[in-house]
Amino acid sequence: MRFLILDDHEFYCRDLIEYITLAKQEVYFAKNFREGVEIMEKNPSLVFDVSFIDIILNNGKTGLHFISRYESRLGKIIILTGCIDDNTLETVKKWEVINKADNVLEKLDDIFEEFHVSSPFSLKK
Amino acid sequence: MINELEFSVLLLGIITEIFLTIGILFYFFKNRLTKLNKFKENEQKQQLDILLNNSQNLINVIGGINHEIQPWIGTIKNKLIFLQNFVKKLKNEQEREYILSKVNDIALSIQSINFLISNLSKDVKKIKEYTVVNSNLYDSLKSWVSLILYDLQIKNFIHSNIVEVDEKSLSFSCLHSPMLLSQILLNLIKNSIEHNDFMVDDLKIKIYGDPEKGLLIYEDNGRGIPGHLLERVFDAGFSTKILYNIPGVSGFGLSLCREYCHQMNATIKAVESSNGAKFVIQFLKKKNCPKTKSDCPSCEEKQCKQSSPLMEDLKTQKTHEF
């Protein structure tokens with residue numbers, strides 16, 4: 001499986017990257033819009049199975065800008081956000097949304113199960 | 001010497017002039033009254049807009065804080081999962097169980113913080129939804145107190161009517177939001193119950209007013225607030241419940257009450273009392289609304305960091321009419 005994580009909270013993403021790596025899957029990480037575009041443009045044939053996209057990125061760009069540009073190559077899109085206001089949730093209701101304060105590693109376990117991949121910790125009871 | 005005809009013409013002329021004058025005066029005052037009513041409507045609308053803008057700013061600030069805190073909460077939770085997984089592999093069962101229980105406690109604490117912040121965001125959003133009106137305070141209070149008591153009875157917190165609301169002293173008009181007032185009362189009543197160890201049989205709460213000064217006074221016959229903490233109780237995160245080992249500390253109830261008051265352009269204070277806890281809410285009344293910013297009680301008491309929204313609006317007007 002190939003994952004993309006686009007999120008400006010690098011510290012938050014380290015555990016996601018570690019968990020995906022422990023599951024022996026491929027993961028690409030971009031901490032801003034520019035790095036995300038670099039990844040996609042340098043590897044035009046790269047297609048992801050699952051993409052975790054943050055809404056609010058730096059420099060006025062949002063995850064929605066990125067999605068609108070590369071949606072066909074992002075696979076299953078999961079929005080990562082720290083926002084809980086109605087406007088934001090309304091904007092992204094098209095996709096699955098995970099609040100960063102929620103248990104994202106359990107969500108990863110669900111995805112691993114969906115793709116028949118062994119989970120490193122088997123968090124689901 | 002004038003004859004009858006001339007007299008009649010003169011009289012007719014005078015009567016016509018009188019009626020004409022009355023007509024002009026009537027038209028003038030009606031016009032002025034219409035303008036005054038429109039002015040009042042605009043003023044009320046402007047006041048409401050200012051209040052709504054301020055609450056939107058607050059919502060934006062809370063949203064911003066929330067947005068930044070969420071990833072850190074998520075990070076801590078994720079790290080705890082890694083730690084749990086590592087600890088499960090420890091051979092010493094006692095050590096393993098001990099560390100796992102501590103990790104579990106940390107996870108629960110993080111969850112509480114998350115819950116608290118979510119509730120704070122919801123509470124702040126409520127501020128925007130609550131319209132401020134200029135109406136009789138007692139009318140707003142009586143229905144809300146009944147609902148609050150009914151709700152508390154349902155939850156078995158109380159079994160009888162422990163709140164007395166004095167109609168006569170609270171029957172005055174002032175600028176307030178009935179919904180925000182209900183939230184303030186809910187917080188105060190719940191605090192009274194919780195601070196008296198939930199022993200409500202002897203608990204009595206009185207709510208009365210001072211119509212001249214536009215005050216609402218809340219008193220209970222409970223434990224009271226220590227004198228040196230009368231200001232601190234409004235600090236976000238501070239609670240006297242810690243002093244008395246009362247569970248369920250959040251420490252945000254009274255700071256929210258203060259914010260709700262600010263949104264209504266009112267102020268709330270805890271005052272010393274020999275009987276129990278006593279809170280005084282000062283509402284803005286038409287009579288005591290000053291003409292200049294320097295006379296504004298809110299500014300003098302430094303309750304708000306900037307001049308109150310109402311005063312900002314008033315100072316731009318040449319005359320101060322109600």
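Both backbone and side-chain heavy atoms feed into the values below; hydrogens, waters and symmetry mates do not. Chain identifiers are assigned alphabetically (A, B, ...) following the order of the sequence lines, protein sequences preceding nucleic acid strands; residue numbering begins at 1 within each chain.
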Heavy-atom check, side chain of B:Ile81 versus side chain of A:Asp15, under 4.5 Å
no
Keeping to residues at least two apart or across chains, list the ring-ring contact (aromatic ring centres under 6.0 Å, His included) pairs with something in residues 37-56 of chain A.
A:Tyr28-A:Phe48
To the nearest 0.5 Å, atom NZ of B:Lys77 lies from atom CG of A:Asn103 at 6.0 Å
Give the ring-plane orientation class for A:Phe11 versus B:Trp72, where under 30° counts as parallel, over 60° as perpendicular and anything between as tilted.
tilted
Give, as side chain, backbone, both or neither, the part of A:Leu80 having an atom under 4.5 angstrom from any heavy atom of chain B.
neither
Please determine whether the number of non-hydrogen atoms from other residues, nucleotides or ligands lying under 6.0 Å from atom CD of A:Glu41 exceeds 12.
yes
Please check if the number of heavy atoms outside A:Phe115 that lie under 6.0 Å from its CZ is greater than 12.
yes
What part of B:Asn78 gets within 4.5 angstrom of chain A, counting heavy atoms only: side chain, backbone, both, or neither?
both
Can you say whether B:Lys88 sits under 4.5 Å from chain A via the side chain, the backbone, both, or neither, judging by heavy atoms?
neither
